[in-house]
Amino acid sequence: MKVLVIGSGGREHALAWKLRRSPRVHEIFVAPGNAGTARVGTNVAISAGDFPGLLKFAEQQDVDLTVVGPDNALAGGVVDLFEDAGRRAFGPRQAAAKLESSKSFAKDFMVRHGIPTAHYAVCRSRDEARAALGDFSFPVAVKADGLALGKGVVIAQSRPEAERVVTEMLEQGRFGEAGRTVVLEEFLVGTECSVHALVDGRSFLLFPTAQDHKQLYEGNRGPNTGGMGSFSPSNKLAEPDLVEIRRQILEPFLHGIQTDKLVYRGLLFPGLMLTAEGPKVLEFNCRFGDPETQALVPRLETDLLDLLEATLERRLDQVTPAWTTQSAVCVVLASGGYPDRYDTRKPIAGLAEAEQLEDVVIFHAGTQQEDNRVLTAGGRVLGVTALGANLSSARRRAYDAVERIRFDGRYFRRDIGLI
Ligand code: AMP
Ligand code: GLY
């Protein structure tokens, strides 16, 4: 079978790496990929946003299955294009991917289907927002409606701050189009966590727990990033929490997409707050998490292709994947300056040595092959991942590998998996 993975991050490398291990996958393409994906398959120089180019390539090569990594490709309707041309693609269709790409759409969906979430108001003008703010206490979450690289949320501590942020979003183009509509949301107190589940429209299959570290600095401080590391299993979610998440969130979600006739065959990754009143949804992500995927995939003992195909064929209720009881830790090595400005094209040394360590796998994100060198090419550069009998042994192995990899400006957190 020929498989095409769309995207170029650590998540896509992890998916391609695992799919490559399937005895049924003979060829794997990654568009556009990175220096790491070039080692598990063939990189194709087509951007994740060039949908006609991607479809044309899939038709020329007669690709059997396309796996979509990034949110904006799903939001742009790449799955619709492929499916309407008779090609299988893993991921929700555009109308369902709106659950991630429009927060107001997602909130209306949650309320309609009884999924617990924070109280909210959708505002399209400053006057509307001013009037609505009267109903909130502070702090309040002010959210750009659309996709904003995970940065479109501001927790405003006071009414003047909330009004300023609303004005910036609605009238001054902060977050561009994504901020043309604003969602005000009650501030929830609790433990933040997330789950990953495959959804085929008829049933869902919950993955083991995983969590990322969003903040740039140790001790979970500093600006939010795409994620500085991850580990699995997570120590935040106990079995009773998962029972409630199934009952209060995943089951109503399934019922909701059926009622609303949304075609969802892909991964659902809700961001949650465990509050005193139970779990509440902060957001729906309609794709695999990055870097959560890098910690989950190495724990999967079953063929990933079987799971993706079961999702597309709506028979998730018939598969039971096996997961290792080992823990996984993924430490992200980033370019100095990320998530703001950073330099690229720094040669990376020590990859081969680090990769030889037992139970270590290095997922590439912002890397690029040039002749026989691997260069940095993005903010998040590598996801150094290790398995171990428990979290501390996985951490030890991952950091042992990290210490062997060097590039100019290399930055990483030393406390991944600790808090
Ligand atoms: P989101 O993109 O909606 O997940 O929001 C980004 C971050 O803002 C989350 O990871 C939370 O830490 C925080 N956040 C979002 N909404 C709320 C809320 N209603 N109450 C408290 N914190 C929130
Ligand atoms: N690691 C968070 C995300 O993928 O959205």
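One-based numbering, in listed order, for ligands and for the atoms of each. In this chain, numbering begins with 1 at the start of the sequence shown. Hydrogens, waters and symmetry mates are skipped; everything else that's a heavy atom, side chains included, is used. Keep in mind it's a predicted model, so treat the numbers as computed, not measured.
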### Query
For ligand 1, which atoms have a heavy atom of K214 less than 4.0 angstrom away?
10 (O)

### Query
Which option out of V153, V140, L184 puts a heavy atom nearest to atom 7 (C) of ligand 1?
V153

### Query
For T37 and N43, does a side-chain donor sit closer than 3.5 Å to a side-chain acceptor?
yes

### Query
Could you state the interatomic distance from CG (L268) to CG (L99), rounded to the nearest 0.5 Å?
8.0 Å

## Note on the structure
Given the options F253, Y264, F269, F284 meets ring pair (Phe, Tyr, Trp, His ring centres under 6.0 Å) only with F253

### Query
In Å and rounded to the nearest 0.5 Å, what is the CG to NE2 distance from L418 to H213?
7.5 Å

#### Entry: Where ligand 1 meets E192 - atom numbers and elements under 4.0 angstrom, heavy-atom basis
9 (C), 10 (O), 11 (C), 12 (O)

### Query
Are side-chain N/O atoms of D135 and H119 paired as donor and acceptor at under 3.5 Å?
no

### Query
For R315, which residues count as a side chain to side chain contact (heavy atoms under 4.5 Å, CB included) partner, sequence neighbours excluded?
E309, A310, E313, D317, Q318, V319

### Task
Please report which non-hydrogen protein atom sits nearest to atom 14 (N) of ligand 1, along with the residue it belongs to and the distance in Å to one decimal place.
I155 CD1, 4.0 Å

### Message
Which residue and atom name correspond to the protein heavy atom nearest atom 20 (N) of ligand 1, and how close is it?
### Response
L188 N, 2.8 Å

### Message
Give the residues near ligand 2 by chain and number, with the criterion being a heavy-atom distance under 4.0 Å.
### Response
D212, G226, F269, R287, G289, D290, P291, E292

### Query
Of the non-hydrogen atoms in L307 and L316, which two are nearest, and what is the gap between them?
O-CD2, 4.2 Å

### Message
As an exercise, identify every atom of ligand 1 less than 4.0 angstrom from a heavy atom of K103.
### Response
1 (P), 2 (O), 3 (O)

